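Following: one structure in structure tokens, then a few remarks.
Note that this is a predicted model, so its numbers are computed, not measured. Sequential numbering from 1 along the given sequence is applied to the chain's residues. Below, all heavy atoms of this structure are taken into account, side chains as well, without hydrogens, waters or symmetry copies.
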Amino acid sequence: MSLAVPGADVHDSEASSDDTDEGAQAVHPLQEIQHLDTETEQLQHRRVTLSQRGDLSTAQVEQQELRARLDTVAAQRGEVLARQTQLEAEADTIATRADRDDTRLYSGEVTAIRDLQALQDEIAGLRSRQGRLEEQAIEALLEAEALTEQADSLEAQRSALDERVTVLTAELAAAEADLDSRLAALTEARTAAAGRTDQDALARYEGL
């Protein structure tokens, strides 16, 4: 038969109570809330300053500038092609007039030397003007081709940039979703800690 030692149970009970008090002090709800608030602020700052956000913003600005350049080149090319069409039309009109005068010149319809000379001069002038218009039309065509090549290069750049924007958008969304999930968990933990805290003390803490 064993004998109980007087005071032993009391000592053990007091030791257990001390351990419990120390554990409670180690995880005081206000300290836990402060820690959660600090971590929340850090994550919020990380969310705002995500590298993908800055990269995406830069890429989007470049995207807008590239589209503006493409619009400018397209407008210039349209003007050049319109000019080329007009020049070719004028050259065709003059060529028709010159051909008609050539027909008159050799048809025998005009017999007077003076009239023949005048007709020859008119034909020469028309052919000269036709040649200048055709040269200008060719120059416009070459200019349009150069603008087409420039537009093709810009389109290739835009395609690559559009793909980069798509990738960065997906990466940013994934990073934000991860941080949002962690922030939600912190909010839930803070709500639980606040429920275990003396409300007067919590109010003073919130005021600070």
Side-chain angles (χ1 to χ4, degrees), residues 34-102 122-191 206:
Q34 185 181 29
H35 173 74
L36 292 170
D37 286 346
T38 299
E39 189 172 355
T40 296
E41 290 176 359
Q42 291 172 345
L43 288 181
Q44 288 173 338
H45 177 73
R46 282 184 57 188
R47 193 183 191 283
V48 172
T49 58
L50 283 168
S51 62
Q52 294 91 336
R53 193 183 307 283
D55 293 342
L56 178 59
S57 178
T58 299
Q60 288 173 332
V61 170
E62 293 176 0
Q63 200 176 40
Q64 293 175 353
E65 293 175 348
L66 196 55
R67 286 173 180 167
R69 290 173 60 191
L70 271 168
D71 291 342
T72 299
V73 171
Q76 291 174 343
R77 183 175 180 275
E79 292 174 359
V80 170
L81 289 175
R83 185 169 77 248
Q84 177 198 352
T85 300
Q86 182 179 358
L87 289 167
E88 289 177 345
E90 290 179 7
D92 289 342
T93 298
I94 292 174
T96 300
R97 287 175 57 188
D99 290 342
R100 185 175 63 245
D101 286 347
D102 270 338
E122 181 179 354
I123 292 172
L126 290 172
R127 293 302 185 192
S128 176
R129 185 178 176 191
Q130 175 191 349
R132 290 196 301 272
L133 290 171
E134 288 174 345
E135 288 178 359
Q136 292 173 4
I138 292 174
E139 291 174 358
L141 176 61
L142 294 175
E143 186 178 351
E145 290 179 351
L147 288 169
T148 299
E149 292 178 359
Q150 185 178 352
D152 290 342
S153 175
L154 291 173
E155 282 288 357
Q157 294 178 46
R158 185 175 73 168
S159 178
L161 191 56
D162 288 347
E163 183 176 351
R164 175 168 170 75
V165 167
T166 299
V167 171
L168 287 172
T169 299
E171 291 179 351
L172 177 61
E176 287 179 336
D178 176 64
L179 290 174
D180 287 343
S181 176
R182 294 166 64 179
L183 285 168
L186 289 173
T187 299
E188 183 177 351
R190 190 187 193 282
T191 300
E206 296 288 1

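Between atom CG of residue Leu36 and atom CG of residue Leu183 there is a gap of 11.5 Å, rounded to the nearest 0.5 Å. Asp152 CG to Leu147 CG: the interatomic distance, rounded to the nearest 0.5 Å, is 11.0 Å. Within the model, atoms CD of Glu88 and CD of Glu134 stand 9.0 Å from one another, a figure rounded to the nearest 0.5 Å. Within the model, atoms OG of Ser159 and CG of Leu154 stand 12.5 Å from one another, a figure rounded to the nearest 0.5 Å. Atom CD in Glu41 sits 15.0 Å away from atom CZ in Arg46 (nearest 0.5 Å). Remark: Leu133 CG to Leu87 CG distance equals 6.0 Å, nearest 0.5 Å.
Under a 3.5 Å cut-off, the side chain of Ser181 and the backbone N or O of Ala177 do not form any donor-acceptor pair. In terms of modelled atom types and a separation under 3.5 Å, the side chain of Ser128 and the main chain of Ala124 share no donor-acceptor contact.
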What side-chain donor-acceptor pairs closer than 3.5 Å can you find for residues 91-98, not counting sequence neighbours?
residue, atom, partner, partner atom, Å
Thr93, OG1, Ala89, O, 3.0
Thr96, OG1, Asp92, O, 2.9

Taking only distance into account, with no hydrogens and no angle test, what donor-acceptor pairs under 3.5 Å do side-chain atoms of residues 50-65 form with protein atoms, sequence neighbours excluded?
residue, atom, partner, partner atom, Å
Arg53, NE, Arg47, O, 3.4
Arg53, NE, Val48, O, 3.2
Arg53, NH1, Glu176, OE2, 3.1
Arg53, NH2, Arg47, O, 2.6
Arg53, NH2, Glu176, OE2, 2.8
Thr58, OG1, Gly54, O, 3.0
Gln63, NE2, Asp162, OD1, 2.5

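Closest approach of Val80 to Glu143, counting heavy atoms only: CG2-OE2, 3.4 Å. Nearest heavy atoms, Ala144 versus Leu81: CB-CD2, 3.6 Å. The shortest heavy-atom contact between Arg182 and Leu43 is NH2-CD2, 3.7 Å.
Under the 4.0 Å criterion applied to side-chain N and carboxylate O atoms, Glu155 and Arg158 are assigned as salt-bridge partners. Taking a cutoff of 4.0 Å between a charged side-chain nitrogen and a carboxylate oxygen, Glu206 and Arg190 qualify as a salt bridge.
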Checklist entry - How far apart are the C-alpha atoms of Asp102 and Arg127, what are their side-chain angles, what is the distance that settles it, and do they pass the salt bridge (charged side-chain N to carboxylate O under 4.0 Å, His left out) test? => result CA-CA 11 Å; Asp102 270 338; Arg127 293 302 185 192; 2.8 Å; yes
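Pairs engaging residues 66-77 under the side chain to side chain donor-acceptor pair (under 3.5 Å) rule: Arg77-Thr148 [sequence neighbours left out].
Counting non-hydrogen atoms of other residues, nucleotides and ligands closer than 6.0 Å to CD of Gln44 gives a total above 12.
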